[in-house]
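Below: one structure, written as structure tokens.
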Amino acid sequence: MFFFRMIFRSFSRQFKRRLLIAVTVCLSATVSVAMLGVVFDVGDKLNAELSTYGSNITVQPKADAVVNDLYNTGGDANSNASGTSESDPTTFLKESDAPKIKTIFWAFNITNFAPELNIHADVNCASESVDSSSCKASGVPIVGTWFAKTLHMDSGESTVAGMNGMRSWWKLDGSWPKDDSAQGLIGTTLASKLGVTKGDTVTLYKTTVDGSRNKQRITITGIYDSGDSDNNAMYIPSSTAQVLANLPDSIDKIEVKALTTPDNDLARKASKNPNALTQDEWETWYCTAYPSSIAYQIEEVIPGSVAKQVRQVAALQGDVLQKTQAVMVLMTVLSLVAAAIAVANLMAASIGERGSELALLKAIGATDGAVSRLMLAETAVISLVGAIVGALLGSGVAQIVGHVVFGSGITMRPMVFVLVFVLLTLTVLIASFSSIRSILGLKPAEVLHGR
């Protein structure tokens with residue numbers, strides 16, 4: 001009872017210093033909970049944010065992938081559309097197989113995809129508002145694709161896939177074309193060269209493999225600015241491009257946008273040779289959303305395909321994620337260090353002012369351990385109150401950070417609170433160490449005589 005009475009008396013004195021300790025711990029807990037909460041949830045948020053800037057996995061026919069590896073061609077997601085290759089593809093995948101991408105184990109991580117048929121055609125204007133004699137171009141890159149195609153899966157679910165979501169950074173003057181129509185988009189560079197505007201009609205001419213000359217009238221619904229050489233191309237519905245090129249149900253590429261986990265040693269080992277993995281490694285890799293494991297599963301469902309991650313995008317996601325997490329962890333560590341220094345100084349000042357009281361306790365029989373436990377109990381109760389308040393405030397700050405930076409809330413995991421309370425406990429114990437040493441060094445006779 002004596003011990004608890006002394007705790008009660010201690011709380012009634014030196015209120016200001018105790019309040020400062022509580023506020024210090026509260027602020028440290030707020031920063032720690034907010035930062036660690038974001039750290040544990042930032043992976044999906046950053047991947048979702050970065051995935052708005054293009055696909056991170058491309059799917060090609062196996063023969064094309066071999067050629068690309070041998071000659072180091074077609075390195076990025078938009079190489080064909082930007083016109084770096086002047087020849088039409090000779091190997092194809094089936095467009096009807098593309099929806100199978102949404103049937104893999106990580107189907108819900110596939111946020112969007114779009115098949116492409118990359119061909120070249122001659123363009124003549126067919127509009128009364130444009131001088132057709134000067135409005136001609138040969139070998140124009142034509143991309144047959146989906147824009148916002150609704151797919152009805154065998155599971156009964158529906159999904160929308162296409163360039164409307166894949167090219168969200170484009171500046172579009174006009175509207176997106178409708179799928180399975182005679183509409184299209186034209187890049188700003190090509191539009192300027194031809195002198196066409198939205199609403200105009202152009203005619204595409206294509207000599208097919210069998211020697212026939214096909215033509216297709218296309219109404220321009222919009223002019224896009226991609227910010228790169230893709231502005232030299234035209235985008236039309238895949239079904240229209242297939243009719244023009246006489247290539248039914250044919251595509252030569254699929255761009256896939258997926259939420260992924262940054263690569264680690266296991267993922268890099270698997271990307272070189274999945275067969276080299278042990279059974280446990282295989283299960284871990286296959287059941288983790290690495291770019292390489294998602295690509296592998298896509299290859300399983302699309303016959304004759306090779307799926308590869310876009311290295312630049314994957315590296316950017318991993319690099320940004322690691323740097324962001326490092327900054328937040330550093331802020332957490334700095335807040336804990338600041339809290340330790342502040343608590344240590346406040347406890348030292350408190351012991352200095354209460355030297356007579358503590359010396360009296362020792363003089364009437366209290367052991368060093370009892371006095372130390374008294375101070376630790378007092379500090380622990382104050383710190384616990386501050387930590388609880390700080391945890392609540394930190395959760396709120398994390399939500400604010402999530403909505404301001406990522407446009408959505410942060411999922412607070414129980415692990416965050418457990419980790420913060422453990423770290424704060426260690427911080428307070430370390431901060432109390434020097435103060436406990438001061439208590440052990442108190443000599444009642446000298447203190448009570450004012451020496």
Side-chain angles (χ1 to χ4, degrees), residues 54-104 110 113-122 139-146 149 151 161-163 166 204-214 216 229-230 232-258 271 273-274 291-292 294-311:
S55 60
N56 51 0
I57 295 175
T58 58
V59 187
Q60 298 174 278
K62 189 171 293 184
D64 279 355
V66 171
V67 173
N68 290 343
D69 287 341
L70 286 175
Y71 298 101
N72 195 28
T73 61
D76 66 74
N78 303 317
S79 58
N80 289 339
S82 61
T84 58
S85 174
E86 295 297 333
S87 60
D88 288 352
T90 56
T91 57
F92 304 94
L93 301 172
K94 291 184 177 180
E95 183 184 37
S96 56
D97 286 335
K100 294 179 181 179
I101 290 175
K102 289 295 286 184
T103 65
I104 66 172
I110 305 295
F113 63 97
E116 296 179 12
L117 176 60
N118 292 275
I119 58 176
H120 294 79
D122 300 332
V140 173
I142 307 296
V143 183
T145 187
W146 298 345
K149 194 175 186 69
L151 304 175
M163 285 295 172
M166 297 290 292
L204 305 181
Y205 295 91
K206 175 67 177 176
T207 301
T208 63
V209 176
D210 60 8
S212 60
R213 183 76 167 171
N214 293 342
Q216 177 67 54
S229 57
D230 202 18
N232 288 302
M234 283 185 62
Y235 281 75
I236 64 177
S238 59
S239 57
T240 304
Q242 290 163 6
V243 171
L244 179 66
N246 193 23
L247 295 170
D249 197 29
S250 298
I251 55 175
D252 65 293
K253 181 181 179 182
I254 305 175
E255 291 190 31
V256 181
K257 184 191 297 185
S271 63
N273 183 12
S292 56
I294 293 178
Y296 182 86
Q297 293 170 30
I298 291 174
E299 292 177 1
E300 289 182 315
V301 298
I302 299 184
S305 69
V306 171
K308 294 185 177 181
Q309 59 177 307
V310 180
R311 293 290 178 182

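Counting begins at 1 with the first residue of the sequence.
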Taking all non-hydrogen atoms of both residues into account, name the closest pair between [X] and [Y] and its distance.
X    : Y    : answer
I251 : E116 : CB-O, 3.2 Å
M166 : A114 : CG-CB, 4.1 Å
I57  : A307 : CG2-CB, 4.3 Å
W146 : A161 : CB-O, 4.0 Å
I119 : A241 : CD1-O, 4.1 Å
L93  : G304 : CD2-O, 3.7 Å

Is a side-chain donor or acceptor of [X] paired with a backbone partner of [Y] at a separation under 3.5 angstrom?
X    : Y    : answer
D122 : L204 : no
D88  : H120 : yes
D249 : S96  : yes
N56  : A258 : yes
D97  : I302 : no

Rounded to the nearest 0.5 Å, how far apart are [atom1] of [X] and [atom2] of [Y]?
X    : Y    : atom1 : atom2 : answer
T103 : I110 : OG1   : CD1   : 10.0 Å
T91  : K62  : OG1   : NZ    : 12.0 Å
K100 : I254 : NZ    : CD1   : 10.5 Å
N214 : N246 : CG    : CG    : 6.0 Å
S305 : K253 : OG    : NZ    : 14.5 Å
K308 : I298 : NZ    : CD1   : 14.0 Å

### Task
For K102, check salt bridge (charged side-chain N to carboxylate O under 4.0 Å, His left out) against everything at least two apart and list the hits.
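Counting only residues at least two positions away or on another chain, K102 forms no salt bridge (charged side-chain N to carboxylate O under 4.0 Å, His left out).
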### Query
Any side-chain heavy-atom pair from Q242 and L117 closer than 4.5 angstrom?
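Q242 vs L117: side chains touch.
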### Task
Would you please name every residue forming a side chain to side chain contact (heavy atoms under 4.5 Å, CB included) with T240, sequence neighbours left out?
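T240 satisfies side chain to side chain contact (heavy atoms under 4.5 Å, CB included) with Q216, I218, I236, P237 only.
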